[in-house]
Structures are given as C-alpha cells and as structure tokens.
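Heads up, the thing below is written out as structure tokens.
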Amino acid sequence: MPELPEVEYARQRLTRWTTGSALTGWDLVDPGAFRPKLSAHPTPDPLAVARLQALVGRPSTATARHGKRVGWSFGGPGLLLHLGMTGAWVEGARPRHARLGLRFGDRTLWLNDPRRMGGVSYDDDPSAHVGTGLGPDALLDGSLSQVVPSRSPIKVALMDQRRLAGLGNIHAAEALWRAGISPRLRACDLDEGQRAALTQAIRAQLTEALKALDLETDLRYVSDGGDNPFAVYGRQGQPCPRCGAPISRELLGGRGTWWCPSCQP
DNA sequence: TGAAATGTTAACGA
DNA sequence: ATCGTTAACATTTC
C-alpha cells in the first residue's frame, strides 16, 4: 500500500507523537514483525527481545525517511521501519492486526499490518543507514540519473528502489500519465524533454499526494475514503481525464499497469 | 472460486 | 552483468 507519501506521513505522525518521550515498554505480538534485517519476509530476529529491551528508557530523538524506509533514532541506536504492503502506524487502542506495540508512557503506537509484510529491525545508527542500498530519494532529491541508463521499461525502472527510492505501482503510473510517457518505453530511450517532464511530474505527483494526507486526519493512505482519486490507476476502460480515450491495462514487470494509449504513446 | 492487491526478494533462463 | 518472468511471502477483498 504505502508509497513515499504514506511513509512520510507515518514518519511525521510518529515524530509528533513521540519526540522527547522515552520508550517505556513494548509488545511484540507477532515475532515475525521484528527481523534481523529489514527484509520483505517475516523472519523473526532471535535477538528481538534483547534489542527492544535495550531501547527501553531511551527517548525518541529523531526520524528520517529515505524512499519507503524510515529510520527512528533513540539517542543513537534505534529502528528501521518498513510498512510493506498493508502496514500503518496507529496510536491508541490495539488494532485488529497489531504486530508490534511501542509504549511511551500512557500512549501506545501500533504497527497494524494485515498482510504482515511490513516490519522493523534494530539498527545501531538508523539515521546514518536509512538510505543504504537505495537510490536517491524521489522527493528530496528526484534525480533520474540512475533510472535513465536502464534498458527496462521506464515504469519498471522507476519502481526499482535501487535506482530511485520511493515510487511504487500507483505513483509511478500516475507520474508517467502526467508526463505523457508510455510506461513501456525503455528508460534509456527517453529524450531530454521527456526526462525533464518526468522529473517535474514525479515531484508534482508526490507533492500533491502528500498534501492529501493531512496530519489531522486519519487517512493513512492516499486512496482511503472511497472513490478512486487517481487519473489512470485502477481505471481500465474508463475515459482518460485528459483526452477521453479509454485507459488500458497490462502486466509490466509482473505488476498491473494502467495508462492512456492516446496521450502516453 | 479466482484474481488481484499501493512491496520486496530469490531463482531461473536468455 | 542485466533483463524478463515467475514464484514466494500472507491475508483480505472484489
């Protein structure tokens, strides 16, 4: 679910809820949520209890985000967080799919994650390591320098977190629609004008999506709240908002891909 | 019932 | 080394 905007929103909420407060307890409901490394699979970390206990009593001091990953520092050491496909951090009563609870006095933050692909790992310096192995952050940097040499379809290259960190299936498709570029075009075949248009489109897409996630609301995902808010994502057969031609769908890199064949030739 | 789902990674074959 | 595909992970929803 979460792409860069949702992760940034989660980071801001965690920061607001906890900065300056000491961790006072924890509840590892699902051991698979605490992993030795921030891998995609729920492999339990045998040291989880010791790691969590070592953070108890330490204050939450800083958070940092790079792509879809968050580093959370407790005066030096701390955690790396990933929301996977369905994760969200919520405050208050224990939610239905609680995987990990972190208590700060009378307030408990929960990782709620039905599909269990999200998780956390211990790190001795999360602020320094949050970007390890990732390409430039799509919002804070936005450089396509590692994307454009790829011979893969542009959408696949945009979603490769080692080339550019933060875009997922939705916002990659939406940014390409904004830029008028076919998701099938090989990244290395983009011309100068297309690169510039895409850079701008990514910035606009992410900025607007983030704006939709008001910190006072409890949306958690851009798509929460009913109607599909996107131009092409999930709209096979419906008219393109720009030119009226029907939206197409096909698999690209194993993922559902929607685009307008008329204005993204 | 089957398919698909906003993420990541490993394993193959070309 | 790189690219494409397929599968796997786990669960819910349409």
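Chain letters run A, B, ... following the sequence lines, proteins first, then strands; residues in each count from 1. Everything numeric here is computed off the predicted structure, so don't read it as measured data.
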Notebook entry, point to check: What is the distance from CG of N228(A) to C1' of dC14(C), rounded to the nearest Å?
Noted result: 14 Å

Check: Less than 4.5 Å apart, any side-chain heavy atom of S127(A) and any of S73(A)?
Finding: yes

Note to self: How many whole angstroms separate atom CZ of R35(A) from atom P of dG7(B)?
What the structure shows: 15 Å

Next item on the list: Among E174(A), Q200(A), R178(A), E3(A), find the residue that satisfies the side chain to side chain donor-acceptor pair (under 3.5 Å) test when tested with Q205(A).
Entry: R178(A)

Notebook entry, point to check: Could R235(A) and W258(A) be counted as a cation-pi pair, given that NZ or CZ must be under 6.0 Å from the ring centre and within 45° of the axis?
Noted result: no

Checklist line | Donor-acceptor pair (no angle test) under 3.5 Å: R115(A) side chain, dA10(C) base | finding: yes

Notebook entry, point to check: Under 4.0 angstrom, heavy atoms only, what part of the nucleic acid is R186(A) near: base, sugar-phosphate, or nothing?
Noted result: nothing

Notebook entry, point to check: Given pairs defined as Watson-Crick or G-U wobble with both distances under 3.5 Å, what dot-bracket annotation applies to DNA chain B, with ( ) intrastrand, [ ] crossing, | other strand and . unpaired?
Noted result: .||||.||||||||

Checklist line | Short side-chain N/O contact from R255(A) to OP1 or OP2 of dT6(B), under 4.0 Å | finding: yes

Check: Whole-Å distance between dG7(B) P and M85(A) CE?
Finding: 6 Å

Next item on the list: Please list residues of residues 134-162 of chain A whose heavy atoms come under 4.0 Å from any atom in DNA chain C, ordered by number; otherwise none.
Entry: S150(A), R151(A), S152(A), P153(A)

Next item on the list: State which of dT11(C), dA5(B), dC3(C) makes the closest approach to the side chain of Y233(A).
Entry: dA5(B)

Checklist line | Nearest-Å distance for atom pair CE/P, residues M117(A) and dT11(C) | finding: 9 Å

Notebook entry, point to check: Considering only dT6(B), dC9(C), dT12(C), which nucleotide approaches the side chain of N169(A) most closely?
Noted result: dT6(B)

Margin query: Can you measure R235(A) atom CZ to dT6(B) atom P for me and round it to whole angstrom units?
Written below: 15 Å

Next item on the list: Identify whether any heavy atom of R184(A) sits under 4.0 Å from a base atom; if not, whether one sits that close to sugar-phosphate; answer base, sugar-phosphate or nothing.
Entry: nothing

Check: Less than 4.5 Å apart, any side-chain heavy atom of L206(A) and any of I202(A)?
Finding: yes

Please write out each protein N/O paired with an N/O of nucleotides 5-8 of chain C under 3.5 Å, distance rounded to 0.1 Å.
none

Next item on the list: Taking atom P in both dA4(B) and dT5(C), compute the distance separating them and give it to the nearest angstrom.
Entry: 15 Å

Note to self: Rounding to an integer number of angstrom, what distance separates dG4(C) and dT6(B) when you compare their C1' atoms?
What the structure shows: 22 Å

Checklist line | Protein-nucleotide distance (L164(A), atom CG; dG7(B), atom P), rounded to Å | finding: 13 Å

Checklist line | Value in whole Å for how far the C1' atom of dT8(B) lies from CG of L80(A) | finding: 15 Å

Checklist line | In one Ile/Leu/Val/Met/Phe/Trp/Tyr side-chain cluster, 4.5 Å: L109(A), L28(A) | finding: yes

Check: Is there a donor-acceptor pair under 3.5 Å between the side chain of Q264(A) and the backbone N or O of I181(A)?
Finding: yes

Next item on the list: Give a yes/no on whether any side-chain N or O of H97(A) is located under 4.0 angstrom from OP1 or OP2 of dA10(C).
Entry: no

Notebook entry, point to check: V130(A), L134(A): one ILVMFWY side-chain cluster at the under-4.5 Å cut-off?
Noted result: no

Margin query: Strictly below 4.0 Å: does H82(A) bring a side-chain N or O up to OP1 or OP2 of dT8(B)?
Written below: yes

Item checked: Quiz item: cation-pi between R103(A) and W26(A), 6.0 Å / 45° -> no

Checklist line | Phosphate contact (dT8(B) OP1 or OP2) by K68(A) side-chain N/O below 4.0 Å | finding: yes

Next item on the list: Measure from CG on L83(A) to P on dC9(C) and round the result to the nearest Å.
Entry: 22 Å

Next item on the list: State, with a plain yes or no, whether a side-chain heavy atom of L144(A) is found less than 4.5 Å away from one of L190(A).
Entry: no

Margin query: To the closest 0.5 Å, what do you measure between OH (Y233(A)) and NE2 (H171(A))?
Written below: 10.0 Å

Next item on the list: Pick the P atom in dT8(B) and in dA1(C), then give their distance to the nearest Å.
Entry: 23 Å

Checklist line | Side chains of L210(A) and L4(A) in contact at under 4.5 Å (non-hydrogen atoms) | finding: no

Check: So do W89(A) and L102(A) actually touch side chain to side chain, heavy atoms under 4.5 Å?
Finding: yes

Checklist line | Side chains of R255(A) and K155(A) in contact at under 4.5 Å (non-hydrogen atoms) | finding: yes

